[in-house]
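These notes concern the structure reproduced below.
Residue numbers count from 1 along this sequence.
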Amino acid sequence: MCIRDSPLAIYQEMIQSIDFADWTFYWSIKKESLSEAKEKYPEMFFISRFSFKWLLLMPRASFWIFNSRLSEWLKKNKQTIYLQTWHGTPLKKLGADIDNVVMPNTDTQKYKAGFYKESNRWDYLIAPNEYSKNIFKTAFGFENTFLDIGYPRNDVLVRFKDDDNTISCLLYTSRCV
């Protein structure tokens, strides 16, 4: 189930704000995850990705908040604001920076063209740091507005402090060193 990452962190902030009190938020998820999502998050509204309702709501939404690419065939309404949060620090080559794409149903040229087309729909792209921002510029050919705010999903790591004003953090790894 994909209710996580920066879109979840943004949602949690927005529902706490009076500015968004009259908004309705929909989560687009895979059909096979619908029952589990409704059980785990009964307060949220879910729509099955690519369903009839999804096809009606997507082009009419005021905002899209995504952390990955969106289907190329879905057209963005001119009034829709598309916030791309991406989903990680680029420690590998992405998009147009990949020299040779070996994937089914595409080639290097089509793959890169698809990334450029997708990034041109983004109104805003969150940059977690300067390193990522520089890579995103070339990998995505992104020319709209960067939001240099870090990843919203990481805000929780620095928001809560102990009484002595030190940051508490619990780290876990499944590997022993």
Which atom pairs, one a donor and one an acceptor, fall under 3.5 Å between side chains of residues 55-68 and the rest of the protein, sequence neighbours left out?
unit_1, atom_1, unit_2, atom_2, d
Trp64, NE1, Met58, O, 2.9
Asn67, ND2, Asp5, OD2, 2.9

Value for OH (Tyr111) from CE (Met103), rounded to nearest 0.5 Å, stands at 5.5 Å

Give, for atom CZ of Arg69 and atom OG of Ser119, the distance between the pair rounded to the nearest 0.5 Å.
9.0 Å

Answer whether the closest heavy-atom distance between the side chains of Glu43 and Ile15 falls below 4.5 Å.
no

Look up atom CZ in Phe20 and atom OG in Ser17, then write down how far apart they are to the nearest 0.5 Å.
5.5 Å

Main-chain N/O of Ile98 paired to Lys93 side chain as donor or acceptor, under 3.5 Å
no

Taking it one step at a time, do Leu83 and Thr85 satisfy side chain to side chain contact (heavy atoms under 4.5 Å, CB included)?
CA-CA 6 Å; Leu83 170 61; Thr85 68; 4.2 Å; yes

Closest heavy-atom contact between Arg121 and Leu70?
NH2-O, 3.4 Å

Single-linkage hydrophobic cluster, 4.5 Å side-chain cutoff, Ile81 and Trp27 together:
yes

Hydrophobic clusters here meaning ILVMFWY residues chained together by side-chain heavy-atom distances under 4.5 Å, can you tell me if Leu94 and Tyr116 are in one?
no

ILVMFWY network linking Tyr82 to Phe25, side-chain heavy atoms under 4.5 angstrom:
yes

Nearest 0.5 Å, please: how far is CD in Glu118 from OG in Ser71?
9.0 Å

Between Phe45 and Thr24 the two heavy atoms that sit nearest each other are CD1-CG2, 3.9 Å

In this structure, CG of Leu8 is separated from CD of Glu13 (nearest 0.5 Å) by 10.5 Å

So, for Arg49 and Lys30, which heavy atoms are closest and what is the spacing to 0.1 Å?
NH2-CG, 3.7 Å

Please round to the nearest 0.5 Å and tell me the distance separating atom OH of Tyr41 and atom CD1 of Ile29.
10.5 Å

Does Glu32, at its CD atom, have more than 12 non-hydrogen atoms belonging to other residues, nucleotides or ligands within less than 6.0 Å?
yes

Do any side-chain atoms of residues 130-144 form donor-acceptor pairs under 3.5 angstrom with protein atoms, and if so which ones, sequence neighbours left out?
unit_1, atom_1, unit_2, atom_2, d
Tyr131, OH, Pro90, O, 3.2
Ser132, OG, Asn129, OD1, 2.9
Lys133, NZ, Asp148, OD1, 3.4
Lys133, NZ, Asp148, OD2, 3.0
Asn134, ND2, Glu130, O, 3.3
Thr138, OG1, Asp97, OD1, 3.3
Thr138, OG1, Asp97, OD2, 2.9
Thr138, OG1, Ile135, O, 3.2
Asn144, ND2, Trp122, O, 2.6

Look at the side chain of Thr108 and the backbone N and O of Val101, then say whether any donor-acceptor pair between them is shorter than 3.5 Å.
yes

Same cluster or not: are Ile47 and Trp73 linked, directly or through other Ile, Leu, Val, Met, Phe, Trp or Tyr residues, by side-chain heavy atoms under 4.5 angstrom apart?
yes

How close do Phe115 and Gly95 get, counting heavy atoms only, and between which atoms?
CD1-CA, 3.4 Å

Search all heavy atoms of Lys75 against all heavy atoms of Glu72 and return the closest pair with its distance.
NZ-O, 4.0 Å

